[in-house]
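These notes are about the structure you will find just below.
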Number of protein chains: 2
Amino acid sequence: MAAKILIVEDEPAIADLVLLHCKHAGYQAQVVHAVLDARDVVDETLPDLVVLDWMLPDKPGVDFARELRADERTRDLPILMLTARAAEDDKVRGFETGVDDYVTKPFSPKELMARIKALLRRAAPETSDAPLEVSGLKLDPISHRVSGGEQALKLGPTEFRLLRFLMTRPERVMTRQALLDGVWGDHVFIEERTVDVHVRRLRQALEPSGHDRMIETVRGGGYRLKKA
Amino acid sequence: MAAKILIVEDEPAIADLVLLHCKHAGYQAQVVHAVLDARDVVDETLPDLVVLDWMLPDKPGVDFARELRADERTRDLPILMLTARAAEDDKVRGFETGVDDYVTKPFSPKELMARIKALLRRAAPETSDAPLEVSGLKLDPISHRVSGGEQALKLGPTEFRLLRFLMTRPERVMTRQALLDGVWGDHVFIEERTVDVHVRRLRQALEPSGHDRMIETVRGGGYRLKKA
DNA sequence: GTGAGATGTAACAACATCGTAACCTGATTG
DNA sequence: CAATCAGGTTACGATGTTGTTACATCTCAC
């Protein structure tokens, strides 16, 4: 399951360079040349990381970054900014929009790939224990409380971890194996069908507030936490 | 009251990156480039957290970490190690000296900040002697008096420290290990089940005023002091 | 429609967690 | 020294949780 990378870059030489390296590293990469196209691709495929040029024909890259941050669906999508400018001022502006990392041209492909890898490795914002909310369903990792609307919900430990995992990755289809790795641990030996049972239990636990319908089954794919 | 962060890093690019992010996150941050300078700053300002590079011009960062651990004043000062080496071996060496966390370059600024935040939160100071009150339950750290409503309550020493610890962290699920670290001391070797017994005793002591129900059990998680 | 594969559901036995009481030790007190 | 007390550990039973399995139901290609 290779990570999907979207490259937004109008200079062909650079775009090709990055694309090539990404593919070589085993990622599923795709180039677009303008923000307009980028929006479409993000909507359709929801990539795992965006490599974003600062200067683009139709719109500055920072603006697009801001757009991504504004949308719940892409709030945590890692963004790596690519730019010729090295001025301190720009760095500040970049970080203020929530760009995750910053590479100035000319760059070494090796360094770029290392940073991409690092971002992907930690893409899962599981580390943060900020309260989560998806469409009225609230989960607080600190107090371990879950509520749907005004209704307090009672979850078992595994259901809690499962829901937390899903809420940090809304709209994303998670395979049963991915759920086992993420919720149970990387190397456990558990039947995939067990996931189904826990999804069922989680749905049951969410029923009182009606949020059980947020968990969609993707036939042949896995499960997905629907946003609205 | 922003937390003070000291950054010990000789590579300007990285130092700036970290500094920028710290400031952006609202911390009071300062960069020094060598252990020699770091010592001075620590003595003068006693920061709340140190971001420490592994390799420094005058001395390895680990050595400085060891120094900090040896001094009573800085024994509990959180240290986050920054290193280019990814070898497992180094990680072990880092943790052995009492480094609290470890980030390998290249790193995602987002991840770094998340870890800094986590470390700062973990070190949340017990220090204040101000009287505590949570939902009608009152505790005075100075006179060691506890009362629920009009009812005066009688607690043993350990129960008192346990209650105080919980009252400074209401609504937060505390694992048994966290309670052992916080109430008994950081590295004691005591059975986790012992916590249960003391929670039981504390509940019994709170029973006269009915506040015993404030202490909730979180199955598979630990205990939590309910607020309302 | 039919059949095969995928998913939902319920039941179950193994296991883990937790509350509680009892026990033991060492320190303190009178 | 005896009595008391606080604190840590252990044992046991009640209850909750979990992974698996078997069977029901659904979906889709043919």
Side-chain angles (χ1 to χ4, degrees), chain A residues 144-146 152-166 173-208 210-226, chain B residues 144-146 153-166 173-207 210-226:
Chain A
H144 276 217
R145 281 189 207 282
V146 180
L153 299 171
K154 201 168 166 301
L155 273 63
T158 308
E159 287 134 44
F160 181 86
R161 290 199 313 274
L162 176 58
L163 179 59
R164 180 180 180 184
F165 188 82
L166 288 173
V173 177
M174 304 304 297
T175 65
R176 292 177 174 73
Q177 191 54 56
L179 291 170
L180 281 177
D181 289 348
V183 177
W184 276 261
D186 259 323
H187 308 296
V188 291
F189 181 62
I190 293 180
E191 294 294 324
E192 289 203 350
R193 287 312 304 286
T194 298
V195 175
D196 298 27
V197 178
H198 280 275
V199 167
R200 147 92 169 136
R201 285 171 181 161
L202 176 56
R203 277 171 174 157
Q204 234 167 7
L206 297 182
E207 223 164 79
H211 286 85
D212 55 310
R213 280 171 306 172
M214 289 178 62
I215 303 178
E216 292 186 309
T217 304
V218 180
R219 202 180 162 80
Y223 295 95
R224 169 178 51 202
L225 186 75
K226 186 173 58 175
Chain B
H144 276 219
R145 268 186 231 288
V146 180
L153 300 170
K154 197 168 169 304
L155 273 64
T158 307
E159 288 132 47
F160 180 86
R161 290 200 313 275
L162 176 57
L163 179 58
R164 179 181 179 183
F165 189 80
L166 288 173
V173 173
M174 304 303 298
T175 64
R176 292 176 173 72
Q177 192 55 57
L179 291 171
L180 282 176
D181 289 348
V183 177
W184 277 261
D186 253 325
H187 307 298
V188 292
F189 182 61
I190 293 180
E191 293 295 324
E192 290 202 350
R193 291 301 257 103
T194 297
V195 175
D196 298 28
V197 178
H198 281 274
V199 167
R200 148 95 169 134
R201 286 170 181 161
L202 175 55
R203 276 172 174 157
Q204 242 167 2
L206 296 182
E207 221 165 81
H211 286 85
D212 56 310
R213 279 170 308 172
M214 289 178 62
I215 303 178
E216 294 185 318
T217 304
V218 179
R219 209 152 225 280
Y223 294 96
R224 169 181 56 201
L225 186 74
K226 184 171 60 174

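All chains are named by letter (A, B, ...) in the order of the sequence lines, taking the proteins before the strands, and each is independently numbered beginning at 1.
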### Task
Return the set of residues passing side chain to side chain contact (heavy atoms under 4.5 Å, CB included) with R201(A) (not counting sequence neighbours), or none when no residue passes.
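Applying side chain to side chain contact (heavy atoms under 4.5 Å, CB included) to R201(A) gives E159(A), V197(A), H198(A).
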Please list each protein N or O that sits under 3.5 Å from an N or O in nucleotides 28-30 of chain C, with the distance.
none

### Task
Please list, chain by chain and in numerical order, all residues satisfying side-chain hydrogen bond (donor to acceptor under 3.5 Å, both in side chains) with T175(B), sequence neighbours excluded.
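Listed in chain order: nothing, the list is empty.
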### Query
Mind checking which nucleotides bracket the chain B contacts on DNA chain D, 5' to 3', with an atom under 4.0 Å from a heavy atom?
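First and last nucleotides in contact are dA6(D) to dT17(D).
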### Worked verdict on R203(A) versus T217(A) for side-chain contact (heavy atoms from CB on, under 4.5 Å)
CA-CA 11 Å; R203(A) 277 171 174 157; T217(A) 304; 2.8 Å; yes
### For DNA chain D, the residues among residues 218-226 of chain A that have a non-hydrogen atom under 4.0 Å from it
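Of all residues in residues 218-226 of chain A, the ones placing a heavy atom under 4.0 Å from DNA chain D are R219(A).
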### Task
Could you check which residues of residues 193-206 of chain A get a heavy atom under 4.0 Å from DNA chain D? Sort them by number, please.
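Within this stretch, T194(A), V197(A), H198(A), R201(A) sit under 4.0 Å of the strand.
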### Query
Atom CD of Q177(A) to atom C1' of dA6(C): distance rounded to whole Å?
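Answer to the nearest Å: 17 Å.
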### Task
Write down the distance between CZ (R213(B)) and P (dG19(C)), rounded to a whole number of angstrom.
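Atom-to-atom, R213(B) to dG19(C), this comes out as 16 Å.
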### Task
Answer yes or no: is there a side-chain heavy-atom contact under 4.5 Å between L179(A) and L166(A)?
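Result yes, sub-4.5 Å side-chain heavy-atom pair found.
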### side chain to side chain contact (heavy atoms under 4.5 Å, CB included) partner of F160(A), the single match among V146(A), L202(A), L153(A)
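Considering V146(A), L202(A), L153(A), a side chain to side chain contact (heavy atoms under 4.5 Å, CB included) with F160(A) is found only for V146(A).
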### Query
side chain to side chain contact (heavy atoms under 4.5 Å, CB included) with R176(B): which of V195(B), D181(B), T194(B), I190(B)?
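Of the listed options, the one satisfying the test is V195(B).
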### Message
Reading DNA chain D from 5' onward, which residue's closest nucleotide shows up sooner: E192(A) or G156(B)?
### Response
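Looking at DNA chain D, the more 5' nearest nucleotide goes with G156(B).
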